[in-house]
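Chain naming here is simple, since letters A, B, ... match the order of the sequence lines and numbering starts at 1 in each. Worth knowing before you read on, the calculation uses all heavy atoms, side chains too, and leaves out hydrogens, waters and symmetry mates.
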Amino acid sequence: MSPAVEPITGRAWVFGDSLNTDAMYPAHAMKLDLAEAAKHVFYQVRPGWTDLVQPGDIVVAGKNFGVGSSRPVANLFQHLGVAALIAEEFNSLFLRNAINAGLPALTVPGATTFFSDGDTATLDVTTGRYANESTGVEERTAPLPDLVLDIIGNGGVLPMLARAGYLPEAVAGLLLNGAVTISATSAA
Amino acid sequence: MGMTMIEKLLARKAALPLVQAGDTVVVDVDMCVLIDLQFATTWVQPLKIADPDRVTVVMDHAVPAPSLKDATGGTHARAFVKAFGIERFYDVGRHGICHEVIAENGLARPGEVLACTDSHTCAAGAYNTAARGLGPVEMYAILCTGSTWFQVAPTVRYELTGRLPEHVSGKDVFLHIAATWGDATNQNLEYGGPGLASVPMNDRRTIATQGAEVSADFSTFGVDDVLRSFLAERGVTGFEAADADDDATYLDVRAVDLDDLEPYVARPGTVSKNGVPVSQIERRRLDQAFIGSCANGQLEDLRIAAEILDGRQVAPGVRLLVTPASQQVYREAMRAGYLQSLADAGAVVTNSTCGACFGYHMGVLGPGEVCLTSSTRNFTGRMGSTEAEIFMASPATVAASAVAGYITDPRSLT
Ligand code: SF4
């Protein structure tokens, strides 16, 4: 069984509806390494945001969050230190990318009115409890399924694959944060 | 209790008697398709994989390599297929956009599960396949373990009646649906009804492909005679179709009368609740027109464009780019004379690649430019500058508009 996923508390950054993957990971950023690419998250909807976001912060979005490509946007959020995602509605591919990267993500109805920019947000994906510490209001929604909690608790699928002997353990963590690209032959 | 097509398919693959919206299922993946980008970002060759016979590698998004990063990805891909004896490897020269390669080679089979690193993998739903685009990390996991999980979403069924009118195609059907009903986030789409028989396979694939644009999970078509003969031509046999039960539960059933459809155009930004019949679009001058992509770079799309452009000229000030969806489409279109007609009209016929569709390595738009595209996605910044505007329409509408110089009805030219 996986380690439990602990509740997360952090500063909320609140965004709108239908934020697509091109708005977070534009094609021209795909030519860059992860650190440089991460500077493009929300580059058109909120220029300069990547300089303001701090490790432990939480991104809150509206409906249809992450519609678009399979490009690994979750890795960019992790690189920026974002601790969790909350949205009123997630595109399922985008949600899976977050889960598989080990980034907790919770669907919270009405999230963009429940939280305001700068509020302190808490979420517990294991119980579905979420709270706005700044207003003192807490609510509950559906928790994540066990199978999904297991992946997040393990830090994403790559560490799980390493543990199961599918890839070298030493590189799983590094791969996750994009710190390394191992050439095919040297890893074989 | 009845099941929709996708519920039936997933139930069978998960060995469960009943699967319904809200369930989480674990299924074996019948075909795992990796694209070049998978190897160009953070790639580590796995120590072992589930089954080399269920793996396909396609070089498509950035070929021939436009950068050192992409070249290195190619090196990784070639070493990987060699190490594991992957026979289905579509390297540069045999390449094509993954969804076209999947279709041409009969890799998507009715009643089976297919996963691929590109978000438009729902394209293969045209072949009654449970096909999803998944992120590189998840594809890596499927490559290793051979299985994955899905949370089953509720299904919306589109019931088609009538016949597709001339100069109206699958793109118009989809743009009409997207304009009328908008997003389908966390929903599956299912297409059927008596009108389906008049919708050819290329149009079905366009419609299935674009499900990603309304944020849907799976898009699925049933197995009929049109699909059966398509599959027979590609040597696909011995499959078990996933049909919907008569008493299946749908989130909604929506009627689309094909007889009434006209060519549609989506305005820039999204296709969702953002399209109008071409007769209602304002007169927009074009800088670029693009016919291509996995959705609309098929042989039939090129035929339609070539017929419109034959003996005509692209308007001054317009750049018309045409990208065949695969090397095979390229060769067939050349043999049929389509490429000659297109080039004679002033079009730039490019190598088969994703290129212009995702603004990566060619056909990039500058600030203030206006593009009419038949590709899949019209997000702000998708094809280059965030200050460019991307309208979307069918290959017929794009071809006619390239001649006129502004967005125009293809029926006005014929
Ligand atoms: S043509 Fe466009 S939509 Fe299709 S696979 Fe390539 S990038 Fe994706």
Side-chain angles (χ1 to χ4, degrees), chain A residues 18 20-23 26-28 30-34 43-44 63-75 89-97 99-101 145-148 156-158 160-161 164-168 171-172 174-176 178-188, chain B residues 24 26 37 39-49 67 69-70 72 75-80 83 116-119 121 132-141 143-145 149-151 153 183 185-186 212-215 217 270 272 358-361 364 377 379-384 386:
Chain A
S18 292
N20 66 52
T21 50
D22 280 74
H28 59 90
M30 293 169 71
K31 297 177 179 158
L32 308 171
D33 65 29
L34 213 54
Y43 75 113
Q44 39 170 329
K63 298 245 188 295
N64 200 15
F65 187 28
V67 60
S69 302
S70 60
R71 41 189 91 156
V73 182
N75 295 15
E89 182 186 63
F90 284 94
N91 168 277
S92 67
L93 168 55
F94 181 75
L95 179 69
R96 296 174 81 90
N97 278 340
I99 293 163
N100 287 319
D146 288 346
L147 183 148
V148 170
V157 291
L158 290 179
M160 295 171 84
L161 291 172
Y166 289 108
L167 84 160
V171 298
L174 296 170
L175 247 189
L176 262 186
V180 68
T181 303
I182 304 266
S183 86
T185 38
S186 66
Chain B
T24 301
V26 175
L37 293 182
F39 297 89
T41 40
T42 47
W43 172 255
V44 166
Q45 188 156 299
L47 300 174
K48 53 183 181 177
I49 65 172
S67 73
K69 189 176 176 188
D70 295 299
T72 308
T75 304
H76 289 169
R78 290 174 198 111
F80 167 72
C116 166
T117 331
D118 183 272
S119 61
T121 303
R132 282 295 306 268
L134 301 169
V137 166
E138 181 166 356
M139 286 307 300
Y140 192 84
L143 173 70
C144 293
T145 66
W149 55 277
F150 295 113
Q151 279 183 291
D183 288 328
T185 317
N186 300 312
E213 272 358 88
V214 286
S215 209
D217 285 9
T270 175
S272 178
F358 78 125
Y360 190 73
H361 59 103
V364 174
R377 203 159 261 169
F379 292 164
T380 304
R382 167 76 174 178
M383 297 175 77
T386 54

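Heavy atoms closer than 4.5 Å to chain A are found in the side chain of B/Arg132, but not in its backbone. In this structure, chain A has no heavy atom under 4.5 Å from any part of B/Ser67. Using a 4.5 Å cut-off between heavy atoms, A/Lys63 does not touch chain B at all. Both the backbone and the side chain of B/Thr380 come within contact range of chain A, each with at least one heavy atom under 4.5 Å from a heavy atom of that chain. With a 4.5 angstrom heavy-atom cutoff, A/Met160 does not touch chain B via any of its atoms. Only the side chain of A/Leu161 comes within contact range of chain B, with at least one heavy atom under 4.5 Å from a heavy atom of that chain. For B/Leu37, the part lying near chain A is the side chain, with the backbone staying farther off; criterion is any non-hydrogen pair under 4.5 Å. Neither the backbone nor the side chain of A/Ala23 comes within contact range of chain B; no heavy atom of the residue lies under 4.5 Å from a heavy atom of that chain. With a 4.5 Å cut-off on non-hydrogen atoms, A/Phe90 touches chain B through its backbone but not through its side chain. Proximity to chain B (any heavy atom under 4.5 Å) is restricted, for A/Asn97, to the side chain, taken from C-beta onward. Of the atoms belonging to B/Val364, not a single heavy atom falls under 4.5 Å from chain A. Using a 4.5 Å cut-off between heavy atoms, B/Ala212 contacts chain A through its backbone alone, with no side-chain atom that close. Contact annotation for A/Pro26: neither backbone nor side-chain heavy atoms come within less than 4.5 Å of a heavy atom of chain B.
Within the 4.5 Å cutoff, the side chain of B/Trp149 has heavy atoms near those of the A/Val148 side chain.
Heavy-atom minimum distance, B/Tyr140 versus A/Leu167: OH-CB, 3.6 Å. A/Pro168 approaches B/Val44 most closely through the heavy-atom pair CD-CG1, 3.9 Å. Here the closest heavy-atom approach between residue B/Cys144 and residue A/Tyr166 is recorded as O-CE2, 3.2 Å. Of all heavy-atom pairs spanning B/Asn186 and A/Ser92, the tightest one is OD1-CB, 3.6 Å. Residues A/Pro145 and B/Gln151 share a closest heavy-atom pair of CG-NE2, 3.4 Å.
In terms of modelled atom types and a separation under 3.5 Å, the side chain of B/Ser215 and the main chain of A/Asn91 share no donor-acceptor contact. A donor-acceptor pair under 3.5 Å links the side-chain atoms of B/Arg377 to the main chain of A/Gly68, judged by distance alone. Remark: the backbone N or O of A/Asp33 is not paired with any side-chain donor or acceptor of B/Lys69 at under 3.5 angstrom.
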Assess whether side chain to side chain contact (heavy atoms under 4.5 Å, CB included) is satisfied between B/Thr185 and A/Val67, documenting all intermediate values. CA-CA 8 Å; B/Thr185 317; A/Val67 60; over 6 Å; no

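Atom CG of residue B/Asp118 and atom OG of residue A/Ser70 lie 5.5 Å apart, to the nearest 0.5 angstrom. A/Asn20 contributes atom CG, which lies 9.0 Å from atom CZ of B/Arg382 (distance to the nearest 0.5 angstrom). Here the straight-line distance linking atom CZ of B/Phe379 with atom CD of A/Gln44 works out to 10.5 Å at 0.5 Å rounding.
Residue with the most contacts toward chain A among B/Thr270, B/Asp183, B/Thr24: B/Asp183 (heavy-atom pairs, distance under 4.5 Å).
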